[in-house]
Amino acid sequence: MFLEQLTLRNYRNYEQGDWQFKNKVNVILGENAQGKTNVMESIYVLAMAKSHRTTNDKDLIRWDEDYAKIEGRVGKKNGSTFLQLILSKKGKKARLNYIEQAKLSSYVGHMNVVMFAPEDLNLVKGSPQIRRRFIDMEIGQVSPMYMHELAQYQKVLQQRNQYLKLLQSKKQTDETFLDVLTEQLVQLAAKITLKRYEFIELLQTWAKPIHAEISRGNEQLAIHYRPSIDVLDKQQLSRIVEAYNDKFTKIKTKEIERGTTLIGPHRDDLSFTINEKDVQTFGSQGQQRTAALSLKLAEIDLIFSEIGEYPILLLDDVLSELDDFRQTHLLDAIQGKVQTFVTTTSIDGIEHRVIQDADVYEVISGQMIKR
Ligand SMILES: Nc1ncnc2c1ncn2[C@@H]1O[C@H](COP(=O)(O)OP(=O)(O)OP(=O)(O)O)[C@@H](O)[C@H]1O
């Protein structure tokens, strides 16, 4: 799939912008703080209905304006889809082919993007939150139901934490309602855990050969999902439910003492090993970068295998962070099949053959013009 057209209105430092893009590499060039990342972010938001760098939608609205609008047309094998998002102080409205979507989970998934930004280089070594966000965004793109379940989970989790606080402070002594909330939480937690198991398994099958190739056959990458329960039969939802139930029963007193939910998908993590050694602890910076790149390339293949279309690739300020060998590998992997947006402050850091075939856009203070 590819983004044929993008329109911005009052988005960050863009008052108005309208562009037609081709299904090729698009280089976005500009000095710092001119609005390169803002364009990349707007494409991401159009696809995911949320930003990769802020949880507050109000940040996306141009200062002193009431609303922001992002519109785009995505060309696919079987026709095209028109997407529109309007963000205002009251909330957001999402339309697909001019029809308003009551739920964001029915909107997300019609346009697929893979974003590779400098913070992704921290995917391996950074906080577990970064890795959880990575998993959630990726599963969400191929399984809208997952996003819905995740939102439900967050809601019940919040309620449960509030009730645990009441029990902790003894403002409430009745534990029956806690049990009801635990039951609801377990059902959702188990579905999320199952999807995460499946996703990591799939991601790993794609990432392994890619990593082996980039490391010239020297490194074997493995990805390990670390949920807060132990379960032998990872494919069985009922087994996962059982494991959560057992663990919640065991830690009930402790949870009341602490006044918070101590286990569940909100505490999950991933770990990575190279040749069976933990990358977080022992990996060099180069190995971590290779692992991050392998995961991103694996995502592209995974999305293709799931939906039969390549996603749109957003490389924000990251290409020049990769050495020549990794750049070459990345470019070979996407060449001619994946529409790619690349931001950079200087063309010098990017391989000549990319620039040669690319459309180049220049950004100066919220205006993007094709060169
Ligand atoms: N809501 C907003 N309204 C208006 N301007 C905004 C808003 N949010 C951010 N900006 C402006 O956008 C600019 C930053 O743009 P962006 O993050 O896209 O930079 P960039 O071109 O990617 O630069 P760098 O190379 O440093 O990453 C800043 O000038 C900032 O003041």
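Indexing begins at 1, ligand by ligand and atom by atom, following the structure's order. Position 1 is the first residue of the sequence, and the numbers go up from there.
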Side-chain ([X]) to main-chain ([Y]) donor-acceptor, under 3.5 angstrom:
X	Y	value
Glu138	Glu299	no
Arg95	Ile86	no
Thr340	Val338	yes
Lys247	Ser228	yes

| query | In terms of hydrophobic clustering (I, L, V, M, F, W, Y; side-chain heavy atoms under 4.5 Å; direct or indirect links), are Phe82 and Leu6 co-clustered? | reply | no

| For the hydrophobic clusters of this structure (ILVMFWY residues joined by side-chain heavy atoms under 4.5 Å, transitively), does one cluster hold both Leu185 and Met145? | no

Has ligand 1 got any nitrogen or oxygen that is less than 3.5 angstrom from a nitrogen or oxygen of [X]?
X	value
Thr345	no
Leu60	no
Arg62	no

| note | A student comparing Asn10, Asp317, Asn38 should find that the heavy atom closest to atom 15 (O) of ligand 1 comes from Asn38

Give the numbers and elements of all ligand 1 atoms closer than 4.0 Å to a heavy atom of [X].
X	result
Gly35	15 (O), 16 (P), 18 (O), 19 (O), 20 (P), 21 (O)
Gln34	19 (O), 20 (P), 21 (O)
Asn13	4 (C), 5 (N), 6 (C), 11 (C), 12 (O), 13 (C)

Report the part of [X] in contact with ligand 1, treating N, CA, C, O as backbone and CB onward as side chain, heavy atoms under 4.0 Å; options are side chain, backbone, both, neither.
X	value
Arg53	side chain
Asp59	backbone
Val39	neither

| message | Can you classify the ring geometry of Trp19 versus Tyr14 as parallel (below 30°), tilted (30 to 60°) or perpendicular (above 60°)? | response | perpendicular

Please state which protein non-hydrogen atom is closest to [atom] and give its distance, to 0.1 Å?
atom	value
atom 31 (O) of ligand 1	Trp63 CH2, 3.2 Å
atom 27 (O) of ligand 1	Thr37 OG1, 3.7 Å
atom 29 (O) of ligand 1	Ala33 O, 3.1 Å
atom 4 (C) of ligand 1	Arg12 O, 3.2 Å
atom 26 (O) of ligand 1	Asn32 ND2, 3.0 Å

| task | From the options Arg62, Glu41, Glu65, Gln16, select the one residue that forms a side-chain hydrogen bond (donor to acceptor under 3.5 Å, both in side chains) with Tyr11. | result | Glu41

Looking at ligand 1, is there an atom of it that comes within less than 4.0 Å of some heavy atom belonging to [X]?
X	result
Gly30	no
Val363	no
Glu31	yes

| field | Derivation and outcome, side chain to side chain contact (heavy atoms under 4.5 Å, CB included), residues His52 and Glu119 | value | CA-CA 10 Å; His52 65 294; Glu119 54 267 32; 3.6 Å; yes

| field | Test item: side-chain donor near acceptor, Tyr244 and Thr182, under 3.5 Å | value | no

Using residues 358-371 as the side-chain source, report each donor-acceptor pair under 3.5 Å to any protein atom, sequence neighbours left out, with the distance given to one decimal.
unit_1 : atom_1 : unit_2 : atom_2 : d
Asp359 : OD1    : Lys24  : NZ     : 3.3
Tyr361 : OH     : Gln20  : O      : 3.2

